[in-house]
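Down below is the structure, laid out as structure tokens.
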Amino acid sequence: MTHPPLHGLRFAFGTLSVLPVKVSRWDREAARGGMLCAPLVGVVIGCGSALLALVLLFLGAAPLLAAVSAAAVPAVLTRGLHLDGLADTADGLGSGKPAEDALRIMKQSDIGPFGVITLVFVLFAQVAALSQLYDDSWARGALATVVAAVAARLALTLAARTGVPAARPEGLGAAVAGVVPVRGAVAVALAVTGVAAAAGALLGRDDIVRTALAVLVALAGAELLLRHSVRRFGGVTGDVFGGLAETAATTALVVLSLG
């Protein structure tokens, strides 16, 4: 029999990645554990991304190619769901229509102009930041890749906190909306920020501040999008969660590339 903590891990990896993990329970308790464990999914995806980038660098590839691979791996390991969610959220917000109509636009299979433009600029920003970081040093690039992936999933933990409603009665957004106690979300955020700062310490004192700041600014950016989405749509959806993840990842990379 699967122990309760493992239900949360299964939920996290089964819903936030394409890794062959079977979700054994689909209830509020499993969802709570899963969203609290979401940053661990980021660790696995981030390490996989960094590993491929480092292998390419070792084989003589340019930092730009390493950056492209580091940005591509998370898309592959999530079936592009977060990028698709970002595009759909951009279309919904950009439509300027009432919540019901905007949600209908987000459910359509095609991507509108707002979604396309958002995807282009977000992916360009990610690749540009990663290219600069890998060009600076392989260690700084690898750390940034992992930190961005973890920050992206940490944003989901905070978005699933109590008090954030679901915009629809069905879907992943409804399954995880409001399942995480605020104290639990804050505790995970503080723990992740502390570990990120400790990892930055391996590169130097300046990187302690820069890495911690990257996580915090990433969460702030995701929080702004979350609040705007709740105002516009009446709550969160699976697409909004995807948009939050990509927003946090991109923001973290941009901050880490500065200075």
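Bear in mind the structure is a predicted one, so any value in this text is a computation, not a measurement.
- There is no path of hydrophobic side-chain contacts, each under 4.5 Å, that joins V122 to L156.
- Separating the CG atom in L40 from the OG1 atom in T157 is a distance of 9.0 Å, to the nearest 0.5 Å.
- Side-chain contact check for C37 versus R153: every heavy-atom pair is 4.5 Å or farther apart.
- Other residues, nucleotides and ligands contribute at most 12 non-hydrogen atoms within 6.0 Å of the CZ atom of R227.
- Of the residues listed (L57, L64, L65), the one engaging Y134 in a side chain to side chain contact (heavy atoms under 4.5 Å, CB included) is L57, and it is the only one.
- In summary, of the residues considered (R25, R32, E29), a side chain to side chain contact (heavy atoms under 4.5 Å, CB included) with H7 occurs for R25 alone.
- Residue V55 belongs to a hydrophobic cluster whose other members are L51, F58, L59, with links defined by side-chain heavy atoms closer than 4.5 Å.
- For the side chain to side chain contact (heavy atoms under 4.5 Å, CB included) with V41, the qualifying choice from L9, T15, L16 is L16, the only one to do so.
- Residues P165 and G234 share a closest heavy-atom pair of CG-O, 3.6 Å.
- Considering only heavy atoms from C-beta on, R232 comes within 4.5 Å of S95 through its side chain.
- L119 and V76 are not part of a single hydrophobic cluster, where members link through side-chain heavy atoms under 4.5 Å apart.
- Within 6.0 Å of the CD atom in E100, the count of heavy atoms belonging to other residues, nucleotides or ligands does not exceed 12.
- Criterion: ILVMFWY side-chain heavy atoms under 4.5 Å apart, direct or through other members. Under it, L19 and V23 are part of a common hydrophobic cluster.
- One finds no salt bridge joining D84 and R79 here, because no Lys/Arg side-chain nitrogen approaches an Asp/Glu carboxylate oxygen to under 4.0 Å.
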